[in-house]
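Here's the structure, in structure tokens; my notes come after.
As the structure is a computational prediction, the values presented were derived from the model and not from experiment.
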Amino acid sequence: MPAFKPAYLIHGNDHPRVGERRARLRALADEQSDAGGVEVIEGDACTPEGVAAALCTMTFAVGRRFLIVDGVERWRDADVTKHLSGVLDDMPEETTVAFFAREDGRAKAPAALQAAVKRAGGDVSEQATLKAWDLPKWAQAHARTLGLELDAAAARTLVVQVGERQQRLARELEKIALALGPGGRLDADLVAELAAGGAERKLWVLADALVAGDAAAASRLFLRLRAQGERVESIAYWMTKRVREALAVSLSLEAGEAPAVVKRGLRMPPKAAERFIADVRRTDSGRLREALVLLADLELDTRGGSELAGDTLALRTIGEIAA
């Protein structure tokens, strides 16, 4: 049987993690208490005065009593000090109260509550998301626990590919570890390949073929994507996104910015960035602006602006852009 402390405060801006801690404690409480032994205080009832009253109310539950208090990020220090601190200093026996605060901006767990929980002999635990710039180092450290070696460029690529949620990054690393086995070494290009789905990779290749002016390759990839169920609108979105990125790169290069500086600003693996810049340098900003106009027309036409089928419209647009 786990040993429970009189009080807990779980707070932080990692809301999913706070929710997981709440669910885990609720499950343990349900296992360890009889009917009526678990009380949830939330909504309008969730005030320092309301919690103090609940703690002082007698209960007929047998065994340990649990109070789960959700939403304390809205509380004020003065109210905690006035109504609740004294009650926590003299907690009833066989009682555990757990406070949960999903913090955001100025909505924080009150300092007075943190102090009162500690005085009661309880635990205060912060569940905070890492800053974006700290995630690559965290990914490298987590990869080592899975038997993987992730270099710095690979770690940055992983964050770009998967996003900035630690849980998603952890799951992706676990999938890669299963695929490679212990001792696997990853560079940026291997991460880009393993962390992206097959359809997503084809979308990138299609968009890059469009920027490079390879109409035949872009058309073949379009038809493959359509055959596996990708919508014309989704494919058009990725083409537009890539052409916009290409226009930004083209304008930077035309303004005299060094390719190495432009490369560092691209959210893609290093070798892919080099290929992308090389493709962009073979065109010009005027042609890329015209491509965006054609893609805007495609969007309108596929939303009822033309009687032609979406596939026909898209293939025609690809041919005009890559001509």
Side-chain angles (χ1 to χ4, degrees), residues 2-33 36-57 59 61 64-135 137-138 141-142 163-170:
F4 291 98
K5 294 191 176 183
Y8 297 90
L9 170 60
I10 295 90
H11 69 105
N13 61 2
D14 190 343
H15 296 187
R17 182 61 178 156
V18 172
E20 287 177 6
R21 292 287 302 274
R22 183 191 186 282
R24 188 183 309 144
L25 187 138
R26 176 63 191 269
L28 286 171
D30 286 336
E31 289 178 4
Q32 301 300 322
S33 62
V38 180
E39 303 168 45
V40 177
I41 301 175
E42 55 190 351
D44 293 339
C46 181
T47 65
E49 188 173 7
V51 174
L55 285 169
C56 294
T57 300
T59 176
R64 179 165 286 274
R65 180 190 183 199
F66 295 88
L67 276 74
I68 296 175
V69 186
D70 215 343
V72 303
E73 69 276 1
R74 300 187 297 270
W75 288 3
R76 297 186 305 172
D77 281 293
D79 294 330
V80 172
T81 301
K82 179 179 179 180
H83 299 291
L84 187 58
S85 292
V87 177
L88 291 178
D89 288 341
D90 190 20
M91 280 284 290
E93 292 184 6
E94 290 296 301
T95 299
T96 292
V97 58
F99 302 95
F100 294 89
R102 293 169 176 81
E103 297 177 333
D104 188 17
R106 293 185 179 181
K108 303 283 187 183
L113 180 61
Q114 298 187 43
V117 168
K118 290 177 181 177
R119 285 198 310 272
D123 278 346
V124 175
S125 176
E126 182 178 10
Q127 307 296 318
T129 56
L130 288 175
K131 301 296 184 185
W133 51 83
D134 291 326
L135 286 170
K137 286 186 178 179
W138 176 87
H142 188 66
E164 296 178 357
R165 288 189 58 189
Q166 284 176 263
Q167 289 171 306
R168 288 194 61 195
L169 289 167

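Cys46 is not listed as a side-chain neighbour of Asp70, based on a closest heavy-atom distance of 4.5 Å or more. At a threshold of 4.5 Å between non-hydrogen side-chain atoms, the residues Met91 and Val97 count as touching. In this structure, Leu84 and Leu55 have side chains that are in contact, with non-hydrogen atoms separated by less than 4.5 Å. Within the 4.5 Å cutoff, side-chain heavy atoms of Ile68 are placed close to those of Arg22.
Without hydrogens or angle criteria, His15 side chain to Glu103 main chain gives a donor-acceptor distance under 3.5 Å. The main-chain N or O of Gly12 is never found under 3.5 Å from a side-chain atom of Glu126 such that the two would form a donor-acceptor pair. The closest donor-acceptor contact from the side chain of Arg64 to the backbone of Thr95 lies under 3.5 Å. Using a distance-only test at 3.5 Å, with no hydrogens or angles considered, no donor-acceptor pair links the side chain of Thr96 to the main chain of Phe66.
In summary, Lys131 and Asp134 do not engage in a salt bridge, as defined by a charged side-chain N under 4.0 Å from a carboxylate O.
For the pair Phe99 and Val51, the tightest heavy-atom approach, listed with the atom from each and the gap, is CE2-CG1, 4.1 Å. Taking both residues in full, the closest heavy atoms of Phe4 and Gln32 are given as CE1-CG, 3.7 Å, listed atom of the first, atom of the second, then distance. The nearest pair of heavy atoms linking Ala170 to His142 is CB-NE2, 3.7 Å. In terms of heavy-atom proximity, Asn13 sits nearest to Ala128 at OD1-CA, 3.2 Å.
Residues passing the ring pair (Phe, Tyr, Trp, His ring centres under 6.0 Å) test with His83: none are found, sequence neighbours excluded. With sequence neighbours left out, the ring pair (Phe, Tyr, Trp, His ring centres under 6.0 Å) criterion links Tyr8 to no other residue.
Between the CZ atom in Arg74 and the CZ atom in Arg76 there is a gap of 13.5 Å [rounded to 0.5 Å]. Note: Leu67 CG to Ile41 CD1 = 4.5 Å, rounded to the nearest 0.5 Å. Atom CG in Asp14 sits 11.0 Å away from atom CZ in Arg21 (nearest 0.5 Å).
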key: Trace of the side-chain contact (heavy atoms from CB on, under 4.5 Å) decision for Val72 with His11   = CA-CA 9 Å; Val72 303; His11 69 105; over 6 Å; no
inquiry  = Glu49 vs Lys82, test: salt bridge (Lys or Arg N to Asp or Glu O under 4.0 Å). Steps then yes/no.
reply    = CA-CA 8 Å; Glu49 188 173 7; Lys82 179 179 179 180; over 6 Å; no
Only distances under 3.5 Å count here; give the side-chain donor-acceptor pairs of residues 106-124 to other protein atoms, sequence neighbours excluded, each with its distance to 0.1 Å.
from: Arg119; atom 1: NE; to: Asp89; atom 2: OD1; distance (Å): 3.1
from: Arg119; atom 1: NH2; to: Asp89; atom 2: OD1; distance (Å): 3.4
from: Asp123; atom 1: OD1; to: Lys5; atom 2: NZ; distance (Å): 3.0

